[in-house]
Amino acid sequence: MTTEKPANIVNAFQQSVAQLTGSEAPWAIDTKTVNHIDYRFYKNAPTTLMALINEGRKHGENEFIIYEGERISFDEFFKRADTLSIALTKKFAITSGDTVAIAMRNYPEWMISFVAIAQTGATVVPLNSWGKSAELVHALKDSGAKVAFMDQARFDLVAGALDDLGTTAIIAKPEAQSSNSVDELIAEFSADLTESTTFDDKAGTDDLAIMMYTSGTTGLPKGTLSTHQNVCQSIFNFELLAIATAMTDSEPVGKMLERGFPPKVLLSVPLFHVAGAYSVFLLSLRAGRPIVMMHKWDKIKALEYIQNERCTMMSAVPTMLMELLECKEWNDYDTSSMFGFGAGGSVQPARLPKTIYQKLPDSYPGTGYGMTESNACGFAATGAIFAQYPTSTGIASPILDCKILDNQGNECPQGEPGEIYLKSPTIAKGYNNQPEATKETFIDGWLKTGDIGYLNDDGYLFITDRIKDMIIRGGENIYSVEVEAAALTHEQILEAAAFGLPHDTLGEELALAVYVEANALSEEAIQQHIASQLAGFKVPSRVFIESQPLPKNATQKILKNKIKESALEVVS
C-alpha cells in the first residue's frame with residue numbers, strides 16, 4: 001500500500017479532476033438551476049440513453065460478449081438489438097411512453113433487449129430475477145409493462161398472470177419453440193434491417209429512461225424513476241472518475257499495461273442492479289471492453305474464466321470477493337491477469353484489502369457508495385485513494401453534494417455520524433405510484449438515503465449503519481456495521497449480521513449471527529474476540545452460529561429480517 005499522506009493523494013486527485021472538468025475540458029462542469037435548486041452537471045455528457053449507447057457502435061468487429069462458448073462482437077450485438085427494436089415497433093407497437101420489462105438472469109439477451117427497448121423510446125424496466133412469482137407479478141403490474149423479455153424460469157413463474165396483466169412475454173432461450181422468442185423475432189424481422197436503417201432518438205433528456213426496481217431487504221420492491229439525464233450523468237461521472245484516478249495513481253496502471261493483458265471484465269453480479277447494468281454493461285459498451293458473463297456466481301467458475309479468458313477486472317460484493325480470494329483453489333489457477341477489484345454494496349471486512357494486496361500485490365482495488373435512487377453516483381475510491389482509508393466508501397463525485405444531518409435536521413459536526421443526504425443531477429425523480437414514499441425520500445432535490453455515516457477531515461465517507469439496523473440498548477446507540485466489522489476480523493468468520501432482539505429492561509439486546517464454515521467456534525470465543533476490540537455494551541449477548549451462508553437478496557445484501565425471525569423462534 002502507498003505511504004503517501006491522505007491529504008496529498010486527495011489533493012492530487014482533485015487537481016486531476018480540475019484539469020478534466022475545466023470550461024473547455026472533455027468533462028467540463030457547468031451549473032444550472034431546476035425548481036430553484038442548484039446542480040453541477042457535465043455539460044458534454046450525452047443527453048439520452050440512445051446517444052449514450054451509440055458510442056458502442058464504433059467498436060465494430062471487436063469482441064464484446066463471451067458467454068459459455070458464445071462469442072458476440074459489437075457489430076453482431078447491435079445487429080441483434082436493432083432487429084429487436086424493429087420487432088418491438090412493428091409487431092408490438094412499442095413507442096415512447098411505453099414500458100418494457102426485462103426479467104431474466106444474466107444472458108446476452110438481457111443486454112441486447114436493453115438496447116432494443118431504449119432505441120424505441122420506451123422506458124426500460126429491469127426486474128429482480130431472484131424474485132418469486134408474487135414479486136414479479138407486482139412489478140409487472142406496477143410498471144404497466146406492455147412487453148416483457150423473460151428467460152424460461154421467469155416466464156414459468158408468471159405465465160398464468162400475463163393475460164390479466166396485459167403483458168406479452170418474449171422468451172430468451174425457451175425450452176420449446178415459440179414465435180415470441182428472441183431468436184424467432186430476430187429471424188422474422190432480419191430482412192427489415194438494412195445498411196440504411198436508422199433509429200430516431202425519440203426521448204428527451206427529462207423523459208423516463210429506466211424504472212429500476214429496488215432490491216429491498218423488506219417489503220415489496222419500489223420502481224425507481226430515472227430520467228435520461230439521471231442515467232447519462234451517472235455514466236459520464238464513472239468515466240471521469242476512472243480517468244482522474246489513473247492520472248492520480250499512474251504507477252499500478254503502468255504495471256498493468258506492461259503485463260500486456262487488454263482490459264476484459266468478469267460480470268459476476270446481476271444485470272438488473274446498477275452495479276451490473278451501469279458499472280459493467282453500459283461502461284463496457286461505451287469503452288469497447290469485452291465482458292465475460294457469469295450466469296450466476298460460482299467461485300470456481302470465476303477462477304476458470306479469469307484463467308482461460310484472462311480477465312483483468314471484476315466488481316462484486318465483499319463476501320463474494322472474500323470467497324474467491326480465500327478459497328483453497330486460488331493457487332490452482334493462473335490469476336496473473338487480474339488487476340481491478342471493485343467491492344461495494346455491504347460492510348467490507350477489514351481483512352479484504354489486505355487479502356487483495358497479499359494475493360495480487362500490483363492490483364488496483366476500489367470501493368464505492370451509491371444507490372439505485374442515485375443511479376449509482378456517490379462516493380468512490382480506487383488505487384492509492386482506496387489504500388489510505390480502505391474501510392471508507394471513498395470521496396465525493398465532482399457533481400455530488402453531501403450533507404450529514406442529525407435527528408433534528410441539523411448538520412452534524414465533522415466526524416460525527418448522522419443520516420446521509422445526497423444531491424446531484426443523477427438523483428431519480430421518485431418512486432412509481434408511491435407518492436408518500438417519494439415525498440419521504442426525495443426532499444427538495446436531496447435524497448434521504450436512510451444510511452448513517454460521517455465524513456472525516458479528508459472528505460472520505462464512512463458508513464456506520466442503516467437507520468433501521470441501529471440497535472438501541474438501554475439508551476445507547478449500537479451501530480451494527482461496527483459490530484459486524486469487529487466480528488469479521490476473525491479469520492474463521494465469513495459473514496456476520498448484528499441485529500436487535502426485544503429485551504424486558506434494556507428495550508433491545510444485541511444479537512449476532514455468523515457464518516462459520518468449519519463450525520468450530522464457540523459463542524464465548526466470538527464474544528471474547530469482539531470484546532477485545534469494542535466496548536462491553538457492544539458485545540453481543542446472543543450469538544447464533546451458522547454452518548451455511550446467511551440468507552441474502554439478489555444483490556447479496558444479508559436479509560436481517562429473516563435472520564431476526566429465525567432468532568425470535570429460537571429465543572421465544
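No experiment lies behind these values; they were computed from the predicted model shown.
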**OP:** Decide yes or no on side-chain contact (heavy atoms from CB on, under 4.5 Å) for Met150 and Val158, but give the supporting numbers first.
**Re:** CA-CA 10 Å; Met150 299 179 171; Val158 301; 3.4 Å; yes

**OP:** Only one of Leu225, Thr224, Val100 passes side chain to side chain contact (heavy atoms under 4.5 Å, CB included) with Met211; say which it is.
**Re:** Leu225

Original post:
Say you draw a straight line from OH of Tyr369 to OG of Ser397; how long is it, rounded to the nearest 0.5 Å?
Top reply: 12.5 Å

Original post:
What residues form a side-chain contact (heavy atoms from CB on, under 4.5 Å) with Glu416, not counting sequence neighbours?
Top reply: Cys412, Pro413

Original post:
With a distance cut-off below 6.0 Å to the six-membered ring centre and an angular limit of 45° from the axis, does Lys423 pair with Tyr39 as a cation-pi contact?
Top reply: yes

Subject >> Nearest non-hydrogen partners of Ile53 and Ala118, listed with the distance >> reply: CD1-CB, 3.9 Å

**OP:** Check whether any side-chain heavy atom of Lys146 sits under 4.5 Å from a side-chain heavy atom of Thr168, and report yes or no.
**Re:** no

Original post:
Below 4.5 Å, heavy atoms only, C-beta onward: do Met50 and His228 meet side chain to side chain?
Top reply: no

Subject >> Candidate pair Ile420 and Ile463, rule side-chain contact (heavy atoms from CB on, under 4.5 Å), full reasoning >> reply: CA-CA 9 Å; Ile420 301 164; Ile463 306 295; 3.4 Å; yes

Subject >> Pairwise side-chain contact, Pro425 with Ile399, heavy-atom cut-off 4.5 Å (strictly under) >> reply: yes

**OP:** Taking the six-membered ring of Phe499 (Phe, Tyr or Trp), confirm whether the NZ or CZ of Lys560 is under 6.0 Å from its centre and within 45° of its axis.
**Re:** no

Subject >> Set of residues satisfying ring-ring contact (aromatic ring centres under 6.0 Å, His included) with respect to Phe13, sequence neighbours excluded >> reply: none

Subject >> side-chain hydrogen bond (donor to acceptor under 3.5 Å, both in side chains) pairs, two or more places apart, involving residues 22-32 >> reply: Lys32-Gln229

**OP:** Look up atom CG in Asp82 and atom CG in Leu193, then write down how far apart they are to the nearest 0.5 Å.
**Re:** 5.5 Å

Original post:
Are side-chain N/O atoms of Thr372 and Thr214 paired as donor and acceptor at under 3.5 Å?
Top reply: no

Original post:
Between Asp142 and Lys222, is there a side-chain N and carboxylate O pair less than 4.0 Å apart?
Top reply: no

Original post:
Is the closest side-chain donor-acceptor distance between Asp38 and Thr33 under 3.5 Å?
Top reply: yes

Subject >> Side-chain H-bond candidate by donor/acceptor type, Asp206 with Thr227, under 3.5 Å >> reply: no

**OP:** Determine the sole option in Tyr107, Tyr278, Phe281 for which the side chain to side chain contact (heavy atoms under 4.5 Å, CB included) test with Leu271 is passed.
**Re:** Phe281

Subject >> Tyr460 ring center within less than 6.0 Å of Phe379 ring center >> reply: no

